[in-house]
2 protein chains.
Amino acid sequence: MKLSKKNLDQKLDHVYDVIIVGGGVGGLSAAIYLQRYRLSCLVIEKGRGRSFWMQDLRNYLGLPPTTPGRTLLQQGQEHLLSLEGDYLAGYVEDLQDEGDTFAVKVKVGKKDSVYPVFRSKYLIAASGIIDHLPKFEDMQNVFDYAGYNLHVCMICDGYEMADKKCGLFVASEAAINTAFVLNWFTPYISVFTQGLFDVSPEMRQKLQEHGYPLIETPIQRFLGHDHEMNGVELSNGSVIELETGLIAMGSHYQSEYLKNLDLEWNGGNLKTDSMCRTTHPRVFAVGDLKEGLNQVSIAVADGTLAATAIWRDIRRQSSPRIWQDNLVGAAKT
Amino acid sequence: MKLSKKNLDQKLDHVYDVIIVGGGVGGLSAAIYLQRYRLSCLVIEKGRGRSFWMQDLRNYLGLPPTTPGRTLLQQGQEHLLSLEGDYLAGYVEDLQDEGDTFAVKVKVGKKDSVYPVFRSKYLIAASGIIDHLPKFEDMQNVFDYAGYNLHVCMICDGYEMADKKCGLFVASEAAINTAFVLNWFTPYISVFTQGLFDVSPEMRQKLQEHGYPLIETPIQRFLGHDHEMNGVELSNGSVIELETGLIAMGSHYQSEYLKNLDLEWNGGNLKTDSMCRTTHPRVFAVGDLKEGLNQVSIAVADGTLAATAIWRDIRRQSSPRIWQDNLVGAAKT
């Protein structure tokens with residue numbers, strides 16, 4: 001059921017089989033499988049994750065390519081509630097490993113917040129990442145285009161950028177190399193650093209050889225209308241026309257609550273085995289937080305894997321169910 | 001585009017980047033990704049695969065849990081055609097590795113068949129498995145219930161069998177062990193061997209200890225109405241009431257066309273790396289044909305992985321695209 005300040009007290013004495021931090025596609029897929037394995041789970045979602053922002057989910061089998069990410073999330077949430085899974089809007093503030101259980105402290109409500117502590121045997125980290133966006137005084141100007149024709153994922157949307165004049169927005173020299181993959185889709189690439197870092201002579205040379213302009217002047221704002229970005233205005237007033245854009249400014253990994261656990265990382269990504277189990281036997285990671293492709297299809301499959309591994313663990317520790325009537329019958333004859 | 005006898009001649013000189021054998025969920029997912037990576041692919045589908053038979057796809061994120069498998073396949077096919085991928089109804093009869101290309105011979109049409117040969121650089125084996133079903137004189141009696149409340153996949157449908165009187169239909173002693181996993185969902189299990197094999201004294205003992213009847217008499221037919229199986233009639237005329245059933249009689253691996261290739265197998269399953277690449281560098285396997293869980297979500301993610309690995313291969317071998325206008329401009333200054 002949907003938990004809120006009003007009814008969450010009912011679940012404070014319950015030990016869930018699994019608490020899932022993050023109600024994106026990976027977390028919801030795991031939760032649906034877990035409930036179908038007859039395990040109890042709670043999904044805690046802080047809201048507005050990466051898939052929430054996707055305007056068109058163009059590469060997920062079974063949905064029309066114009067389906068917004070939030071439609072997928074809404075369908076998943078309804079599916080979970082129909083299976084009697086629990087769902088709570090809240091932010092995980094702290095996590096303690098108590099040995100057999102985890103204690104998960106959640107901030108619920110922006111005003112008059114309450115801080116309940118829920119418990120579970122297993123934890124699935126499904127809290128994902130959030131892309132860094134260009135920082136402008138007026139952030140609404142960024143939100144007007146991000147997720148429309150200003151993309152954040154080349155694998156998802158390279159196809160949409162094909163042979164178009166594309167701005168590549170980066171915050172590090174390493175990220176400039178994205179241009180030399182993006183050119184599979186389009187050679188009309190302008191690289192924008194906003195002067196955030198120094199570009200080496202070797203990189204300048206390489207960009208020049210490819211014909212990709214390097215623009216280091218800060219950006220004033222994106223230009224366009226109706227969520228269709230068509231250029232940028234620089235701080236010196238000049239305008240550069242574009243038809244699309246790719247933001248490759250890195251990501252924030254939403255994993256602060258995991259800091260007390262002894263887990264193995266590769267940069268911001270959690271290392272996992274083939275069933276999404278981290279180096280902690282009762283902690284799993286799914287989706288963008290773990291190593292691998294950041295794709296909806298991958299996160300959904302990760303949810304399947306993590307839930308199945310947890311079910312196997314719990315099932316193997318349980319007593320077999322006997323058909324008692326037949327034992328009695330057998331004893332009689 | 002949709003290929004048929006009428007128009008397939010147009011594509012006989014074309015070397016596809018990838019031919020995908022099997023238009024189930026794994027193959028279609030791969031094809032959608034490949035077309036979005038601006039690669040050309042042909043999906044060859046013989047029809048009536050495993051997902052085609054699923055009446056309700058209850059655990060795939062984003063679709064209502066009453067979505068039939070064929071709706072997912074139909075949506076995927078439309079998606080592929082909208083991306084200008086090619087699709088052909090046909091049966092792959094033979095496959096030859098020509099070094100840089102594969103030659104794929106297809107039987108098209110049940111009557112007046114033609115046998116075109118298509119070529120591609122890469123191959124994705126997505127042809128899956130088909131479950132063995134009980135063999136009755138009147139197979140329609142089996143088809144009336146299979147995929148409804150007579151299930152073939154415990155992970156998918158264990159939840160639907162919860163606490164119900166369940167028939168477990170097996171063709172080997174090893175498969176009887178399914179009962180000791182199925183009892184997570186229900187303890188009311190009757191095991192039907194149809195006398196196809198001898199059951200060891202140890203297994204008889206174990207079943208008895210769990211209270212699970214062992215029925216070795218051949219089955220005459222399933223009983224029920226409106227796709228709702230409610231029991232079996234044995235060849236001796238006696239009737240056993242059931243509320244659901246699980247068929248665990250093994251599977252046919254649809255992989256005959258791969259016999260000429262030097263691939264590594266684990267039983268009927270292809271061994272692959274983490275990107276679904278087999279031990280042949282230009283052959284990938286996705287879905288039920290490879291090792292791992294036989295789930296829609298997994299096959300869809302496999303398609304993502306295989307397509308991405310092939311794109312990386314081809315992209316890395318290609319020349320970078322240059323923005324020529326800017327080179328000329330640079331030379332002028």
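So you know, we letter chains A, B, ... as the sequences are listed, proteins then strands, and number each from 1.
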Handout entry: Toward chain A, the part of B:V296 with a non-hydrogen atom under 4.5 Å
Key = neither

Practice task
State, yes or no, whether a side-chain contact exists between B:I322 and A:P187 at a heavy-atom distance under 4.5 Å.
Solution key: no

Fill in the blank from the handout: Note: vs chain A, highest number of non-hydrogen pairs under 4.5 angstrom among B:E160, B:R316, B:M275 is B:E160

Exercise for the section: Go through the side-chain N and O atoms of A:Y33 and B:Q295 and say whether any donor and acceptor fall under 3.5 Å apart. Expected result: yes

Practice task
Return yes if some donor-acceptor pair links the side-chain N/O of A:R38 with the main-chain N/O of B:F185 below 3.5 Å, else return no.
Solution key: yes

Handout entry: chain B contacts, top residue of A:P64, A:S29, A:S82 (heavy-atom pairs, under 4.5 Å)
Key = A:P64

Handout entry: Which atom of A:W184 lies closest to which atom of B:R321, heavy atoms considered
Key = O-NH1, 3.4 Å

Practice task
Please tell me if the side chains of B:R36 and A:D157 come closer than 4.5 Å, counting only heavy atoms from C-beta onward.
Solution key: yes

Exercise for the section: For B:L63 and A:G62, work out which heavy atoms get closest and say how close. Expected result: CD2-O, 3.6 Å

Fill in the blank from the handout: Interatomic distance, OG@A:S318 vs CG@B:N183, rounded to 0.5 Å, equals 7.5 Å

Practice task
Taking the six-membered ring for Trp and the full ring for Phe, Tyr or His, determine whether the centres of A:W311 and B:Y159 are under 6.0 Å apart.
Solution key: no

Donor-acceptor list for residues 69-80 of chain B side chains, cut-off 3.5 Å, not counting sequence neighbours:
{"from": "B:Q74", "atom 1": "NE2", "to": "B:E78", "atom 2": "OE2", "distance (Å)": "3.3"}
{"from": "B:Q77", "atom 1": "OE1", "to": "B:K2", "atom 2": "NZ", "distance (Å)": "2.8"}
{"from": "B:Q77", "atom 1": "NE2", "to": "B:Y87", "atom 2": "OH", "distance (Å)": "3.2"}
{"from": "B:H79", "atom 1": "NE2", "to": "A:R58", "atom 2": "O", "distance (Å)": "2.9"}

Exercise for the section: Calculate, to the nearest 0.5 Å, the distance between atoms CE and OH belonging to B:M154 and A:Y37 respectively. Expected result: 10.0 Å

Handout entry: Min side-chain heavy-atom separation B:L305-A:I298 under 4.5 Å
Key = yes

Exercise for the section: Could you look at A:L57 and say if it's the side chain, the backbone, both or neither that has a heavy atom under 4.5 Å from chain B? Expected result: neither

Exercise for the section: Side chain from CB out, backbone as N, CA, C, O: work out which of these in A:T67 comes under 4.5 Å of a heavy atom of chain B, or both, or neither. Expected result: neither

Practice task
Check whether A:L39 gets within reach of chain B through its side chain, its backbone, both or neither, counting any heavy atom under 4.5 Å.
Solution key: side chain

Practice task
Determine, using ring centers only, whether B:W323 and A:Y188 are less than 6.0 Å apart.
Solution key: yes

Handout entry: Over 12 foreign heavy atoms within 6.0 Å of CD, A:E216
Key = yes

Exercise for the section: Enumerate by number any residue of residues 286-293 of chain B whose heavy atoms lie under 4.5 Å from heavy atoms of chain A; in the absence of such residues, state 'none'. Expected result: B:L293

Practice task
With a 4.5 Å cut-off on heavy-atom pairs, point out which of A:I32, A:L28, A:V300 contacts chain B the most.
Solution key: A:V300

Practice task
Could you pull out the closest heavy-atom pair between A:A301 and B:A301, with the gap in Å?
Solution key: CB-CB, 3.4 Å

